[in-house]
**Q** 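Here it is: the structure, laid out below.
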Amino acid sequence: MALFSGRFLREGRALPPELEEARVGIVALARGYGLDFFETIFEMCTYEEINMIASYGGFPTRYPHWRFGMEFIQMQKGYEYGLSKIYEMVINTNPSYAYLMDNNLAVDQKLVMAHVLGHVDFFKNNAWFAHTDRKMLDTMANHAAKVRRIMDERGVSEVERFLDLCLSLENLIDPYAAHVVRTRPREASRHEDDAPVAVEVPTIPGESYMRDFLNPPSYVASERARREEERDRVRSFPEEPVRDVLGFLLQHAKLSGWQRELLRIVRDEALYFAPQGMTKIMNEGWATYWHTTMMTQDILSDAEVVDYADHHSGTVAMQPGQLNPYRLGLELLRHIERRWDKGRFGKDWLDCTDPVARRAWDTGAGLGRAKLFEVRRTHNDISFLDTFLTEDFIREQGFFTTRYDSRAQQWVIDSREFASVKAQLLQVLASRGTPRVHVVDANAFNRGELRLVHAHEGLDIQMDWAERVLGNLALLWGRPVHLDTKLEDKALRLSHDGAKLTRTLPT
Amino acid sequence: MLNIDRDLDRFREIVKGRIRRDLRKYMSSGEMIARKGDKLVSIPLPQIGIPRLRYGPNPKGVGQGEGEPGDQAGQGQQAGDAAGEHVLETELTVDELAQIMGEELELPRILPRGEAQAASKRHRYKGIATTGPESLRHFKRTYRRALTRAIIAGSYDPSRPKIVPIRADQRYRTFVEETEPRSAALLLYMMDVSGSMGKEQKEIVRSEAFWIDAWIRHNYQDVETRFIIHDATAREVDRETFFRTRESGGTLISSAYKLAVEILEAEYPPSEWNIYPFHFSDGDNWSKSDTRLCLDLLRDKIIPLSNQFSYAQVDSTYGSGQFIKDLEGAFSGEEAVTLSRIKDRDGIMQSIRELLGKGR
């Protein structure tokens, strides 16, 4: 406890003089390149401290939960057996905190500092981070204090059990929530118990003998039915599908005060971390771009070149058949820089089909750097790849799609064709995320049951986990829950009443 | 104490099943250490997954590198693989693996029986001498001697700390001779290959035997292995055959024990060998009288010769599982006998802990 309480920079964590000197130099250098970052405080940690902070998601204080312990022991073992090692860690706060491991080489520490400043610049300027809580250090500590207080009142196990429920739903949030207004208050609010408003079908006025001709009874009847259905649909709840399942539960589930508090904490923290998942490739690419630029052009001394090259090549190493976000991000950024430096954009470039002219194309535009800064401000991973992945890039980098050959029991190269590689890359990216699930009906079958729909986009959801998630959701909602999805191309409804799962065909 | 220690304790308590028993059934234990290819291994540590709504495995992926369509694309793709599973991968030797397993299972080191046979000599450079070749000069020690002398003689000047060692100051590394006991072990595997032992049972035996092998080898310098399979008759086979054979027919366990006694008495005097018979079976024996014969053989011949006799019974749908009960009845409290039941794959590590936990 005492280790980190309050402003947790303490004497022993300050940088040694030679690194402090390097830090001042690197900060000045980065500002010179136009990077714009929060003040960044570097601290030296032992590997144990680093592992602890990493298992807490980068924060020194989190609420008590066993999963942090589990992650910690895994990182400890990984380090002790020499399997993995954390070089850098930095958190999105203002001021930003970054942690250096005390037994790394000095050249590694410089690399990490340059890399970290890239991240902090990204946190500060990328649009997807604009709404994140920059005082998260304090917020997390407050959350921790609240959870401990609740544990004192309710008992550790009961609180932990409820946290487990919330955590299993923590990805069912709306990562775009901060950027769009999803629901606008309706002008006229109606009470639930009001009698339904009678529906009127507008008719064309005319002589009485013409009335049935102008307004055929069959039409009037079907129109009335349609309007009644529309009226009742408006009365359904929620009126529009809700992606933010946690937020919906927070507002409408029957929870007691302390449960609501815990759910709110889990949701706030999940929303805070969401942009980092959406920008992994860009963020790592950007930081890597800047550490290689600064290290190779300015910082490295002759004696450090070999160690630097060793470390850097490890970072961007390419395993055959695998995808490395550091490398993909870095190479795509460099590709963009080259294109905009040589003026390879716009209508003339796109219309040009002569390969010789294309290869020699250079208008001397010199807009590369400026373009990079614009890209880092506006894009997330999906839009980044969708916008800038070109056929040239795919070919230069040797990308291909793979499929699993079940007869040979191995992954084989499927195709090198541009369109399919791009589509597949985007799909792989999307599949790392959360399946898109919306709450569509909170009063399903008029029995107060919760119905969700999964917008199936080609990949099935993992069934055994879905079963447990639905079980947890049913416990939180207090009534049975249903999820409409597809399995192997067949529509399927998974229903859970808190005790067991049933599978039916959706109606 | 770090903040995390409380969370870590909590997690350990859950893993041990002391609290929150409902969570324990979601613990992935599996094989704690699995071999992959020649050297690459995974070490899934005990882990409890918090379920999340997520996609299942992606049958397609993206890669980067050389190759034509249809060629193999490396070790699978990680990109679309299930997120959130920490499988640590590295290159380790089997010996390092055995050590890690030993730590994870908290296995005691085996104390070889008896005193050194055929002690071997080894030279280790951990001594210091006043003479020796210049290439082995111990600079620090030499400097220290010289410094001491200078201070005693009063010729040391802190403002100009120049130390010149003379001949008598020189110190050299030198070897000392160490005798190390040579310890040899015999692993004698016996397996029931009668009709009731299916493919799954045999796979379990194979896994378990691999780890036993690794651990014993980690503890002894020389290890020999012998393999006996039996149904109604027993014969000695090589390693390959041992793990692949599937016979049918009845089971006479005594046939294996008789053969074991023959081998032991002929070739492995217990004064020179640490002997470890391991017997795997589904616990089905032909008759009560044969079981009696088995117990006699064990009591009079095999156990007195062995460091430890181990019997592991694999659950199968066909076997009655009676044999382990007979052994329990006959040898309860006998230090040199360990018995273990293996329910399924997940039980392998627990079983290894039972079999090797005595450190004999």
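We use all heavy atoms of the structure for the numbers below, so side chains are in, but hydrogens, waters and symmetry mates are not. Each chain gets a letter, A, B and so on, in the order its sequence line appears, and its residues count up from 1.
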**Q** Does any backbone or side-chain atom of Arg62(A) lie under 4.5 Å from a heavy atom of chain B? Answer side chain, backbone, both or neither.
**A** neither

**Q** Counting heavy-atom pairs under 4.5 Å with chain B, which one of Glu170(A), Arg403(A), Met463(A), His454(A) comes out on top?
**A** Glu170(A)

**Q** Indicate, with yes or no, if the rings of Tyr63(A) and Phe68(A) have centres closer together than 6.0 Å.
**A** yes

**Q** Considering only heavy atoms, which portion of Glu457(A) lies under 4.5 Å from any heavy atom of chain B: side chain, backbone, both, or neither?
**A** side chain

**Q** Does any donor atom in the side chain of His65(A) or Asp164(A) lie under 3.5 Å from an acceptor atom in the other side chain?
**A** yes

**Q** Which answer fits Leu172(A), side chain, backbone, both or neither, if we ask what part of it has an atom under 4.5 Å from a heavy atom of chain B?
**A** side chain

**Q** Is it the backbone or the side chain of Asp464(A) that comes under 4.5 Å from a heavy atom of chain B, or both, or neither?
**A** neither

**Q** Side chain from CB out, backbone as N, CA, C, O: work out which of these in Ala430(A) comes under 4.5 Å of a heavy atom of chain B, or both, or neither.
**A**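 The backbone, not the side chain.
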
**Q** Can you say whether Glu467(A) sits under 4.5 Å from chain B via the side chain, the backbone, both, or neither, judging by heavy atoms?
**A**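 No part of it gets close to chain B.
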
**Q** Might you work through the side-chain contact (heavy atoms from CB on, under 4.5 Å) test for Asp414(A) and Thr402(A), ending with a clear yes or no?
**A** CA-CA 5 Å; Asp414(A) 193 20; Thr402(A) 59; 5.7 Å; no

**Q** If you count heavy-atom pairs within less than 4.5 Å of chain B, which of Val156(A), Leu167(A), Asn472(A), Asn51(A) leads?
**A**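 Looking at each option in turn, the highest pair count goes to Leu167(A).
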
**Q** May I ask you to test the Arg161(A)-Glu158(A) pair for a side-chain heavy-atom distance under 4.5 Å?
**A**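 Side chain of Arg161(A) against side chain of Glu158(A), heavy atoms only: no contact under 4.5 Å found.
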
**Q** Between Thr401(A) and Ser420(A), does the side-chain hydrogen bond (donor to acceptor under 3.5 Å, both in side chains) criterion hold? Intermediate values first, please.
**A** CA-CA 7 Å; Thr401(A) 61; Ser420(A) 56; 4.8 Å; no

**Q** Determine the minimum heavy-atom distance between Val316(A) and Arg327(A), stating which atoms define it.
**A**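 Nearest pair, atom of Val316(A) first, then Arg327(A): O-NH1, 3.2 Å.
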
